[in-house]
K.L.:
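Quick one: structure below, then a few questions.
Every chain is numbered from 1, with letters handed out A, B, ... down the list of sequences. Computed from a prediction, not measured in an experiment: that's the story for all the values here.
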Amino acid sequence: MIVKPLGFALGLAAVFLAVAAGLRFAAAEGMVADDIVRRAVQALIGLGLAAWANFMPKQLGRPRKSAGAETRSQAALRVAGWSMTLAGLAYAGFWAFAPLPFADTVSMVPVAVAMVLTLGYAIWCFAACRRGAPAGN
Amino acid sequence: MTAGELSEHFPVSKPTMSAHFNVLREADLVDAYKQGTTITYRLKLSVLEDALLGFARTFGFGSLHNSAEADPVSAPRKEPTR
């Protein structure tokens with residue numbers, strides 16, 4: 001059950017490390033500029049976040065006892081998946097195309113917003129389940 | 001939704017529905033959870049699959065021209081094959 005997502009995460013981490021090491025080596029050899037290395041690694045991190053978040057709505061787990069709780073649980077996963085995927089793409093886009101000082105500051109904004117949205121919506125869903133409010137309210 | 005509840009919404013027999021569910025399950029697009037004799041199906045879409053579905057719906061790809069096919073609930077139900 002847990003082996004598949006763990007394997008994906010380990011594979012993703014291995015790709016990050018290999019690309020970062022390769023680019024660092026290329027920079028040391030004078031083949032690429034330092035800022036290109038920084039941009040490429042940060043953009044790769046953003047794309048990795050998007051790739052990982054893309055599969056979040058598929059991690060359903062065991063079915064909940066009530067239809068309302070199940071609906072909210074799936075809605076929370078979808079909101080988390082969508083917000084983190086878009087945040088990852090925005091992060092990668094800033095690092096790929098924006099001026100470096102701007103990207104350095106602004107790239108974290110979409111990720112922070114996505115995290116707040118994900119956590120806030122999950123807490124709201126959990127609280128609504130505890131209250132026993134019907135799904136959709 | 002359970003397999004029985006889902007099959008009520010489509011004009012096909014339950015064995016046909018079951019075959020379709022198996023294909024969807026193998027494609028990892030639905031999750032099937034068996035409890036006793038009841039199988040509950042849950043939609044299982046990644047963000048990309050969800051976005052492609054929304055895109056297809058928006059631009060009408062795969063839309064049904066036949067009104068009976070477009071509204072499976074009101075369409076006549078095929079009897080189960082024996």
Side-chain angles (χ1 to χ4, degrees), chain A residues 1-5 7-9 11-12 46-93 110-111 113-115 117-118 121-122 125 135-136, chain B residues 1-64 70-74 77:
Chain A
M1 280 279 183
I2 202 166
V3 173
K4 204 174 163 187
F8 178 73
L12 208 59
L47 293 177
L49 173 64
W52 173 76
N54 177 48
F55 293 104
M56 276 177 85
K58 280 189 181 267
Q59 313 300 318
L60 293 173
R62 284 175 70 87
R64 306 304 185 277
K65 286 195 173 107
S66 73
E70 183 61 44
T71 304
R72 286 212 171 79
S73 159
Q74 288 189 32
L77 279 173
R78 286 184 65 181
V79 167
W82 271 95
S83 57
M84 296 305 274
T85 301
L86 293 176
L89 292 175
Y91 185 90
V111 179
V113 169
M115 283 178 73
L117 189 68
T118 298
Y121 193 73
C125 285
Chain B
M1 287 176 107
T2 63
E5 287 168 344
L6 280 166
S7 66
E8 285 169 12
H9 293 83
F10 295 93
V12 292
S13 64
K14 284 185 181 175
T16 308
M17 283 297 287
S18 181
H20 286 307
F21 286 142
N22 278 337
V23 173
L24 289 170
R25 198 169 52 188
E26 280 182 24
D28 203 27
L29 293 172
V30 295
D31 174 73
Y33 182 75
K34 192 171 182 180
Q35 198 168 26
T37 54
T38 308
I39 303 176
T40 306
Y41 289 96
R42 295 182 294 171
L43 197 58
K44 199 177 170 191
L45 295 178
S46 69
V47 173
L48 183 62
E49 287 158 354
D50 206 3
L52 287 173
L53 184 65
F55 184 79
R57 277 184 183 155
T58 305
F59 294 100
F61 298 146
S63 64
L64 302 171
D71 186 6
V73 178
S74 61
R77 193 184 158 84

K.L.:
To the nearest 0.5 angstrom, please state how far the CG atom of B:Asp31 sits from the CZ atom of A:Arg62.
P.N.:
11.0 Å
K.L.:
Can you find a pair of side-chain heavy atoms, one from B:Tyr33 and one from A:Leu60, that are under 4.5 Å apart?
P.N.:
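A side-chain contact is absent here, since even the closest heavy-atom pair is not under 4.5 Å.
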K.L.:
Measure the NZ-CZ distance between B:Lys44 and A:Phe55 for me, rounded to the nearest 0.5 Å.
P.N.:
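One gets 11.0 Å once the value is rounded to the nearest 0.5 Å.
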K.L.:
Name the option with the most non-hydrogen atom pairs under 4.5 Å to chain B; the candidates are A:Thr85, A:Asn54, A:Leu86, A:Leu77.
P.N.:
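If we count pairs closer than 4.5 Å to chain B, A:Asn54 comes out on top.
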K.L.:
Using a 4.5 angstrom heavy-atom cutoff, name the option from B:Thr40, B:Leu48, B:Asp50, B:Leu43 with the most pairs to chain A.
P.N.:
B:Asp50
K.L.:
Over all heavy atoms of both residues, which pair between A:Pro57 and B:Val47 is shortest? Give the atoms and the distance, please.
P.N.:
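Answer, listing the atom of A:Pro57 first, then B:Val47: CG-CG2, 3.9 Å.
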K.L.:
Is chain B contacted by the side chain of A:Ala53, its backbone, both, or neither, given a heavy-atom distance below 4.5 Å?
P.N.:
backbone
K.L.:
Measure the spacing between CZ of B:Arg42 and CD of A:Glu70 and express it to the nearest 0.5 Å.
P.N.:
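Interatomic distance, B:Arg42 CZ to A:Glu70 CD, rounded to 0.5 Å: 4.5 Å.
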K.L.:
B:Leu45 and A:Lys58: which non-hydrogen atoms are nearest, and at how many Å?
P.N.:
C-CG, 4.0 Å
